[in-house]
Amino acid sequence: MKERIKSFILILLVLCSVGLTSVTWMEEGLWPEGYSLFANFKTLPVIRNFFKETYSQPLENLKKARKIVIADGNGKSSVFYNSDKSFENVYSDIGTLVTGFMSGDIAVREKTELTKDNLRRMLNEQVMYAYVSYPVASTPQLFGRLMGVSDSASLSDISAVKDFFIFPTGSESLELLAIDHDSTGIYRYELSYGGTEKLIDAFTSYVANVDPEHNCMFALEMNLDIADGSEAVKMKTVLDSFLVLDSASTATNRRPEIAGSNPLSADPGAASRANECFGYNPESIHRYVDGEGTRVYLENDSMLKIFKNGIIEYEATDPEHGILLSGDGSLYESLNSAIRFAGDVYSASAGANFNVNVSGDLLYGQTGEMKFTFDYYFSGTPVTANISLGDEKIDHAIEITVENGNITRFLMLVREYEETENYIDTMTVYEAIDKIALMYSDSTEPVSVADIFMSYAEDGRSGIIRPVWTGYADGERVIIEN
């Protein structure tokens, strides 16, 4: 019996020794910067997944609509955002129609062009419809590839794709309206579709429990997109035609405050791991710390800075010697490769889920300079950056410039967010629009509001972040706080 106890204790001691030794080997803080073989081995993507959560793929988010509006034709309508629990069921019906149209699987009978006033009249007649809006405007070629269609001629007349309307019109037909985000032209496609009756039943069920007093409406329907010419009644604000508003002026948004933290300051080895993503050799590279506490790394053709507030900035002095991306250099491949690279940097720096979405329109050609921007999302709500970096203003959490297949500039604010227990009741969207009008009260012309949405405003300082309204007025981004 004693021999068995001794054997058990010996085995336990051996296991503890192996466990403690592995922890020591893997801990970057116990090694000189850039020296630990085992710590560096741990940062390999395949190995790292065993230690921390893998990051999500933002390119997948572009395939999903940002929001969908459903109207049943009998006075009920509702908006579904891609963060809503019920969104997936709604999008499974709507997304297949858009993909079928793009691929040519759903036949086009006829194509005509409409005016905005034509559409205004259609919506005011309380017809059944679905409105689908994607996160950013993109070229038809890129949009088709995102939908899994390599070569689509369905939107040959459109330069920028973002918004669609779908109207069931008969037992085996429907109309799809595509809006050119660039020219605001509207193209109507009459489609042959055998599943219209099932689609009508689905639309009806999605809005069955909607309170008619809280219907959603477009600015177009309420004529809030028209500036009257007479001085007596000229509106202070002119809204984008397809802004979705709650018809009840008292509808509020209740959101939690979130806490932001800088992983680079909490993990001594994070900066070294991030450094290696850019191909720098920590043993031979020239480096120093400036008076602001910024770590600066220099090579012949590039410079990398890691700021104390968690910003990583890379710039190639020679575009031909930037970070070479994989792929054929097309917009789709460049975007995909840029996302993968940003995910690698984030995984090395923080390791938590890479929860971002593309936040800038994708309307570039196949060659030349492309600039991609991304913002963090928390529980479906965007976290908009409003940060000062010296004389430079940072508007996005991630900015990547690609020239001829090379990353020539890269900027990332490394952040992790978590929900707090404190909730805030925000102002209504109408109050937020009124505040925008007050900001531009000295203007003699009405203010043009292109978008307005709930967000968290990140100022680059770790701490508590409150929910706010963010708007785009006269081409500028404005923050509207309670």
### Task
Take I312 and V414, measure what side chain to side chain contact (heavy atoms under 4.5 Å, CB included) needs, and give me the verdict at the end.
CA-CA 7 Å; I312 298 174; V414 183; 3.8 Å; yes
### Message
Is any side-chain heavy atom of M122 closer than 4.5 Å to one of F167?
### Response
yes
### Message
For the aromatic rings, using the six-membered ring if either is Trp, is the centroid distance between Y129 and F203 under 6.0 Å?
### Response
no
### Message
Is a donor from one side chain sitting under 3.5 angstrom from an acceptor on the other, for N422 and T420?
### Response
no
### Query
Would K236 and D434 satisfy salt bridge (charged side-chain N to carboxylate O under 4.0 Å, His left out), going step by step from the backbone distance to the final call?
CA-CA 9 Å; K236 294 181 179 179; D434 286 341; over 6 Å; no
### Message
Measuring from atom OG1 of T237 to atom CG of L224, what distance do you get when rounded to the nearest 0.5 angstrom?
### Response
7.0 Å
### Task
Tell me whether the centres of the aromatic rings in Y417 and Y456 are closer together than 6.0 Å.
no
#### Entry: Polar contact flag, side-chain donor to acceptor under 3.5 angstrom, Y332-Q141
no
### Message
Donor-acceptor pair, distance only, cut-off 3.5 Å: does the side chain of D84 make one with the backbone of S86?
### Response
no
### Message
Is there a side-chain contact between K116 and D225 in this structure, where contact means two heavy atoms from C-beta onward sitting under 4.5 Å apart?
### Response
yes
### Query
Judged by atom type as modelled, is there a donor-acceptor pair below 3.5 Å linking the side chain of D72 to the main-chain atoms of K76?
yes
### Query
Are L239 and L245 close enough, and set up right, to give a side chain to side chain contact (heavy atoms under 4.5 Å, CB included), and what steps lead you there?
CA-CA 10 Å; L239 308 186; L245 307 171; 3.9 Å; yes
### Query
For S359 and H396, which heavy atoms make the closest approach, and how far apart are they?
OG-ND1, 3.1 Å
### Task
Under the side chain to side chain donor-acceptor pair (under 3.5 Å) rule, what do N357 and Y376 come out as? Steps first, then yes or no, please.
CA-CA 7 Å; N357 208 343; Y376 291 110; over 6 Å; no
### Task
For the residue pair L243 and V429, establish whether any side-chain heavy-atom pair is separated by less than 4.5 Å.
no
### Message
For K85, I'd like to know if atom NZ has over 12 heavy atoms of other residues, nucleotides or ligands within 6.0 Å.
### Response
no
#### Entry: Gap separating the CD1 atom of I407 from the CD1 atom of I323, nearest 0.5 angstrom
5.0 Å
### Query
side chain to side chain contact (heavy atoms under 4.5 Å, CB included) between D361 and H181: does it pass, once the steps are laid out?
CA-CA 10 Å; D361 290 341; H181 187 72; 3.9 Å; yes
### Summary
For C216 and S77, the nearest pair of non-hydrogen atoms, with its separation, is O-OG, 2.9 Å
### Query
If you round to the nearest 0.5 Å, how far is CG of L146 from OG1 of T99?
10.5 Å
### Query
Do the ring planes of Y189 and Y187 sit parallel (below 30°), tilted (30 to 60°) or perpendicular (above 60°)?
tilted
### Distance-minimising heavy-atom pair for R120 and L220
NH1-O, 2.8 Å
### Message
Can you confirm whether Y314 sits close enough to R409 that some side-chain heavy atom of one is under 4.5 Å from a side-chain heavy atom of the other?
### Response
no
### Task
Supply the atom-to-atom distance I480 CD1 to W469 CH2, rounded to the nearest 0.5 angstrom.
8.5 Å
### Message
Between K198 and D201, is the salt bridge (charged side-chain N to carboxylate O under 4.0 Å, His left out) condition met? List the steps.
### Response
CA-CA 5 Å; K198 183 180 178 181; D201 291 340; over 6 Å; no
## Note on the structure
In short, E399 meets D395 closest at the heavy-atom pair OE2-N, 3.7 Å
### Task
Keeping the roles fixed (side chain from S455, backbone from A457), state whether a donor-acceptor pair exists under 3.5 Å.
no
### Query
Does the E431 side chain pair with the main chain of T428, one donor and one acceptor, at a distance under 3.5 Å?
yes
### Task
Could you tell me whether the side chain of E458 and the main chain of G460 form a donor-acceptor pair under 3.5 Å?
yes
### Query
Going by an N to O cut-off under 4.0 Å, is there a salt bridge joining R255 and D425?
no
### Query
If you look at every heavy atom in A202 and D93, which pair is closest and at what distance?
CB-OD2, 3.7 Å
## Note on the structure
Taken to the nearest 0.5 Å, the spacing of S334 OG from D328 CG works out to 7.5 Å
### Query
Charged N to carboxylate O below 4.0 Å: is that the case for R109 and E175?
no
#### Entry: I387 side chain near L413 side chain, heavy-atom distance below 4.5 Å
yes
### Query
S173 side chain to L191 main-chain N or O, any donor-acceptor pair under 3.5 Å?
no
### Message
With a 4.0 Å cut-off on N to O distance, would you call K371 and E403 a salt bridge?
### Response
no
### Task
Kindly state whether the ring of Y377 and the ring of F354 have centres lying under 6.0 angstrom apart.
no
### Task
Check whether any side-chain heavy atom of V244 sits under 4.5 Å from a side-chain heavy atom of M217, and report yes or no.
no
### Query
With no hydrogens and no angle check, is any side-chain donor or acceptor of R66 less than 3.5 Å from a backbone partner on P135?
no
### Task
Answer whether the closest heavy-atom distance between the side chains of D459 and N386 falls below 4.5 Å.
no
### Task
Kindly compute the distance separating CE (M454) from OG1 (T381), expressed to the nearest 0.5 Å.
7.0 Å
### Query
Do the ring planes of F101 and F164 sit parallel (below 30°), tilted (30 to 60°) or perpendicular (above 60°)?
perpendicular
### Task
Write down the atom of E419, the atom of F378, and the distance for their closest heavy-atom approach.
N-CZ, 3.4 Å
### Message
Tell me if the centroids of the rings in F165 and F218 come within less than 6.0 Å of each other.
### Response
yes
### Task
Determine yes or no for a side-chain-to-main-chain donor-acceptor pair under 3.5 angstrom, with D451 supplying the side chain and F453 the backbone.
no
### Query
Donor-acceptor pair, R415 side chain versus G260 backbone, under 3.5 Å?
no
### Task
Indicate, with yes or no, if the rings of F278 and F410 have centres closer together than 6.0 Å.
yes
### Task
Give a yes-or-no answer on whether the side chains of S448 and D474 include a donor-acceptor pair shorter than 3.5 Å.
no
### Task
Report, as yes or no, whether the 6.0 Å neighbourhood of atom CD on E197 holds more than 12 heavy atoms from other residues, nucleotides or ligands.
no
#### Entry: Expected output: side-chain S443 to main-chain Y440 donor-acceptor under 3.5 Å
no
### Task
Verify the distance criterion only: is there a donor paired with an acceptor across the side chains of Y472 and D240 at less than 3.5 Å?
no
### Any L335 side-chain heavy atom under 4.5 Å of L362 side chain
yes
### Task
Would you kindly say whether S337 and S326 are connected by a side-chain donor-acceptor distance under 3.5 Å?
yes
### Task
Decide yes or no on side chain to side chain contact (heavy atoms under 4.5 Å, CB included) for V90 and I70, but give the supporting numbers first.
CA-CA 9 Å; V90 179; I70 302 289; 4.3 Å; yes
